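Below you'll find the structure, written out as structure tokens, and then a few comments.
Treat the numbers as computed from the prediction; the structure is a model and nothing was measured.
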Amino acid sequence: MSRDFGLAALLGAGLLLCLSMFPALTAAQEPRAIDLQANEAHAEFPNEIQFHLEITSPSPIESVELEYGVEKVSCEEASVRAVPDVTEGEGRQVLVDWTWDFRRSGSLPPGTRVWWRWHVTADGGETWSSPVAWLSFDDNRHDWQTVDQGQITVHWYQGERDFAQEMLAEAVEAQARLTSDPGANLERPIHLYFYPSADELRDALVFSQRWTGGVAFTDYHTILIAASPSNQAYGQRTVAHELMHLVVHQLAFNCWSDLPRWLDEGLASWAEGDLEPGQQEILDKAISEDKLLSLASLSGSFSAHAERANLSYAQSYSVVAFLIEEYGRGKMLELLDVFREGVTY
């Protein structure tokens, strides 16, 4: 072998060695990815959810955003973004905490499914997003038991199973009665939570009126009722009342306007049956003294004052009962369909 050929072979081998090493060098020079160390959420029912993120970043962080939302009936998939403060830990560790305070935004019902994810932007423009995570916002202060039938689940924590079975039977019967008209069938499962007293029910809500004995979260198909074995008759009436809110909401749901309050509450009160004697007495007194409230004033929120609120419910029942008796259930369904098209009252 000649000297020139040996030199060429040596140079070629060196070049191949360099080329074989180049990809490894290139990979070693790629920026390291963000390392997720903790992504947690802790609920303190009914007041708040605390979100916590820990990451290790190879480069300084420019911003961190928390995107979150809830599973409910909505015109579109809505989410909210928050920009929490960022704390630098040891090395490249980044700590982020943010609290969703329901004392500012309003209550979520128990059982609500909450989702969230983080969006991180580094100084160099690199971005990173965490996977979507979920949390069930449960009222863990009580030992809940459940019974269910078909679409309906009853949750309770005080009283024997017989009480829950009675409430479930009433809910099933009320659903069948209220959704007997075409198009009125409820489209999602229903959850009813029974608190044994009005005080314990109000304790599960961030904001509530003093006279609240039941509330329907129509977008979540969830109902909260204050009833126990000692006031079972009240519980049965309230089941029909609050279920009617879900039916009406489904029939008239639109993205532009709400029903007048007198129509919504009047239909719910009508679903209970005849007006209770106490409310009938309040209505009769207002009629005799010429102190009825105007329908215009009953189109918005009802008064926080118990007696005026009772008159508001009684009048709403009276107007709705008259409309149904005079024109029939079919016309009432047509009216709700008009509201569904977005027409305002």
Side-chain angles (χ1 to χ4, degrees), residues 36 38-53 64-84 96-120 129-142 144 146 148 151-155 171 186-195 200-209 212 214-225 242-259 264 301 340:
L36 175 62
N39 180 19
E40 303 166 344
H42 174 69
E44 292 188 5
F45 189 92
N47 294 320
E48 64 187 28
I49 299 176
Q50 301 161 2
F51 297 92
H52 175 71
L53 175 71
V64 177
E65 288 186 340
L66 173 65
E67 182 185 11
Y68 62 94
V70 297
E71 189 175 68
K72 67 175 184 175
V73 176
S74 178
C75 294
E76 58 185 15
E77 289 190 14
S79 65
V80 181
R81 292 202 178 205
V83 183
V96 188
D97 290 284
W98 188 79
T99 298
W100 185 0
D101 189 348
F102 298 113
R103 287 161 290 196
R104 297 181 179 180
S105 61
S107 298
L108 286 182
T112 300
R113 281 171 50 79
V114 179
W115 64 267
W116 78 94
R117 62 182 169 188
W118 300 90
H119 302 284
V120 178
S129 296
S130 68
V132 173
W134 290 86
L135 166 76
S136 183
F137 189 57
D138 298 317
D139 188 353
N140 291 323
R141 302 169 303 170
H142 309 291
W144 294 95
T146 63
D148 62 83
Q151 284 186 305
I152 300 175
T153 301
V154 165
H155 307 257
L186 290 170
E187 298 168 352
R188 295 180 57 191
I190 304 163
H191 291 267
L192 294 96
Y193 289 81
F194 284 88
Y195 290 83
E200 288 180 79
L201 170 62
R202 288 193 291 269
D203 192 45
L205 303 168
V206 175
F207 304 112
S208 65
Q209 304 286 11
T212 299
V215 58
F217 290 85
T218 53
D219 291 344
Y220 301 86
H221 275 221
T222 298
I223 294 169
L224 277 59
I225 295 175
E242 301 302 339
L243 269 175
M244 189 59 157
H245 280 308
L246 301 191
V247 173
V248 169
H249 179 77
Q250 180 177 297
L251 290 173
F253 177 77
N254 68 81
C255 299
W256 307 280
S257 63
D258 293 322
L259 285 177
D264 191 10
S301 298
R340 186 183 182 95

> Shortest non-hydrogen contact from Asp203 to Pro46?
Replying inline: O-CG, 3.5 Å
> According to the interplanar angle, ranging from 0 to 90°, do the rings of Phe217 and Tyr220 count as parallel (below 30°), tilted (30 to 60°) or perpendicular (above 60°)?
Replying inline: perpendicular
> What residues, two or more places apart in sequence or in another chain, satisfy side-chain hydrogen bond (donor to acceptor under 3.5 Å, both in side chains) together with His191?
Replying inline: His155
> Taking only residues two or more places apart in sequence or in another chain, which ones pass salt bridge (charged side-chain N to carboxylate O under 4.0 Å, His left out) with Glu40?
Replying inline: none
> Do Leu224 and Pro110 have side-chain heavy atoms sitting under 4.5 Å apart?
Replying inline: yes
> Who are the side-chain hydrogen bond (donor to acceptor under 3.5 Å, both in side chains) partners of Ser129, not counting sequence neighbours?
Replying inline: His119
> Closest approach of Pro109 and Phe45, non-hydrogen atoms and distance?
Replying inline: C-CE1, 4.3 Å
> What closest approach, in Å, do Trp115 and Val70 show between heavy atoms, and which atom pair accounts for it?
Replying inline: NE1-N, 3.8 Å
> Which residues satisfy the side chain to side chain contact (heavy atoms under 4.5 Å, CB included) test with Val80, sequence neighbours excluded?
Replying inline: Tyr68
> Taking C-beta and beyond as the side chain, do Tyr195 and Asp139 meet within less than 4.5 Å on heavy atoms?
Replying inline: yes
> Taking all atoms of both residues into account, what is the closest heavy-atom pair of Cys75 and Phe253, and its distance?
Replying inline: SG-CZ, 3.8 Å
> If you take all heavy atoms of Asp101 and Glu48, which pair is closest and at what distance?
Replying inline: CA-CB, 4.4 Å
> Can you list the residues that meet the side chain to side chain contact (heavy atoms under 4.5 Å, CB included) rule with Val248, with sequence neighbours excluded?
Replying inline: Met244, Leu259, Asp264, Leu267, Leu336
> Roughly how far, to the nearest 0.5 Å, is the CG atom of Asp97 from the CD atom of Gln50?
Replying inline: 8.5 Å
>> My understanding is that only residues two or more places apart in sequence, or in another chain, count here; which of them pass salt bridge (charged side-chain N to carboxylate O under 4.0 Å, His left out) with Arg104?
In response: none
> Any sub-3.5 Å donor-acceptor pair from Glu242's side-chain atoms to Ala216's backbone N or O?
Replying inline: yes
>> Holding to side-chain hydrogen bond (donor to acceptor under 3.5 Å, both in side chains), I want the full list of residues that pass it with Ser136, two or more places apart in sequence or in another chain.
In response: Asp138
>> Is a donor from one side chain sitting under 3.5 angstrom from an acceptor on the other, for Glu67 and Ser79?
In response: yes
> When rounded to the nearest 0.5 angstrom, what distance separates CG in Leu53 from CG in Leu36?
Replying inline: 6.5 Å
> Does Arg340 have any salt bridge (charged side-chain N to carboxylate O under 4.0 Å, His left out) partners at least two apart in sequence or in another chain, and if so, which?
Replying inline: none
> With sequence neighbours excluded, what pairs up with Asn254 under the side chain to side chain contact (heavy atoms under 4.5 Å, CB included) test?
Replying inline: Trp256, Ser257
> Can you name the side chain to side chain contact (heavy atoms under 4.5 Å, CB included) partners of Glu71, sequence neighbours left out?
Replying inline: Arg113, Trp134
> Got a sec, which residues hit salt bridge (charged side-chain N to carboxylate O under 4.0 Å, His left out) with Arg188, two or more places apart in sequence or on another chain?
Replying inline: none
>> Measuring only between side-chain heavy atoms, which start at C-beta, is Trp116 closer than 4.5 Å to Ser130?
In response: no
> What residues form a side-chain hydrogen bond (donor to acceptor under 3.5 Å, both in side chains) with Glu65, not counting sequence neighbours?
Replying inline: Arg81
> Side chains of Val247 and Leu186: closer than 4.5 Å at any heavy-atom pair?
Replying inline: yes
> Quick one: are Leu201 and Tyr193 in side-chain contact, heavy atoms under 4.5 Å?
Replying inline: no
>> Please report the interatomic distance CG(Leu246) to CG(Leu251), rounded to the nearest 0.5 Å.
In response: 11.0 Å
> So how far is it from His221 NE2 to Leu243 CG, rounded to the nearest 0.5 Å?
Replying inline: 10.0 Å
>> Is the shortest side-chain heavy-atom distance between Trp118 and Leu66 below 4.5 Å?
In response: yes
